[in-house]
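Step one of this worksheet: look at the structure below.
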Amino acid sequence: MAQLVLDPHLAAVPAARRWVVGVLSRCCTTERFAVDEDVVELLTSEVVANAVRHGEGPVTIDVACGADDVRIAVTDAGTDTPVVRHVGPEATGGRGMALLDHLATRWGLDRAQPPATGKTVWFRLSGA
């Protein structure tokens, strides 16, 4: 498992994306298991950007590699619940959670246990 803590700025999104792909290439890719790096980059970007825009406090990313999948979790101190929206073609945003819902093998939301606040949005991708 690897972890990265970022300041909550949109400028951190590209660094988060590169870091996750780097972790996967070093630790999670084998001859029998590999995930689509383009999907990893896209979903990481969307979830981290949501944490920065709608969350609070620092953003923490955890990457864990299993035998046949990878789990990427993004934690922030905010309490807003992410929502899968279906927007029209003219919309300039609002597609991030729909992309996650469509492309991830599984995803979910874990709330911090009181008295702590915050949430973790995680997703799993199975390898090819």
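Values below: all heavy atoms of this structure, side chains included; hydrogens, waters and symmetry mates excluded.
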Nearest 0.5 angstrom please: Glu37 CD to Ser25 OG, how far? 6.5 Å

With Asp101, which residues qualify under side-chain hydrogen bond (donor to acceptor under 3.5 Å, both in side chains), at least two apart? Trp107

If we only count heavy atoms from C-beta on, is the Met1 to Asp62 side-chain gap below 4.5 Å? yes

Distance-only criterion, 3.5 Å: show the donor-acceptor pairs between side-chain atoms of residues 38-55 and protein atoms not counting sequence neighbours.
from	atom 1	to	atom 2	distance (Å)
Thr44	OG1	Val40	O	2.8
Ser45	OG	Arg17	NH1	2.8
Ser45	OG	Glu41	O	2.8

Residues at least two apart in sequence or cross-chain that pass side-chain hydrogen bond (donor to acceptor under 3.5 Å, both in side chains) with Arg111, listed by chain then number, are Thr81

Would you please test Val21 and Leu24 for side chain to side chain contact (heavy atoms under 4.5 Å, CB included) and show each step? CA-CA 5 Å; Val21 169; Leu24 293 181; 5.5 Å; no

Specify the closest pair of heavy atoms between Pro82 and Val121, including all atoms of both residues, with the distance to one decimal. CG-CG2, 3.8 Å

Just jot down the side-chain hydrogen bond (donor to acceptor under 3.5 Å, both in side chains) partners of Glu56, sequence neighbours excluded, or say none. none

Check the hydrophobic clustering (I, L, V, M, F, W, Y; side-chain heavy atoms under 4.5 Å; chains of links allowed) and say if Val13 and Val5 are grouped together. no

Would you indicate whether the side-chain heavy atoms of Thr120 and Val74 approach each other to under 4.5 Å? no

How many angstroms lie between CG in Asp69 and OG1 in Thr105, if you round to the nearest 0.5 Å? 7.0 Å

Distance check, rounded to the nearest 0.5 Å: Trp19 atom CH2 versus Leu4 atom CG? 5.0 Å

Min side-chain heavy-atom separation Ile72-Val20 under 4.5 Å: yes

Tell me the salt bridge (charged side-chain N to carboxylate O under 4.0 Å, His left out) pairs involving residues 72-86, sequence neighbours left out? Asp76-Lys119

Sorted by chain and residue number, the side-chain hydrogen bond (donor to acceptor under 3.5 Å, both in side chains) partners of Asp110 (sequence neighbours excluded) come out as Trp122

Please report the shortest heavy-atom distance between Ala98 and Val84, naming the atom on each side. CA-CG1, 3.8 Å

Verify the cluster assignment for Leu109 and Val59: are they in a single hydrophobic cluster under the rule of side-chain heavy atoms below 4.5 Å apart? yes

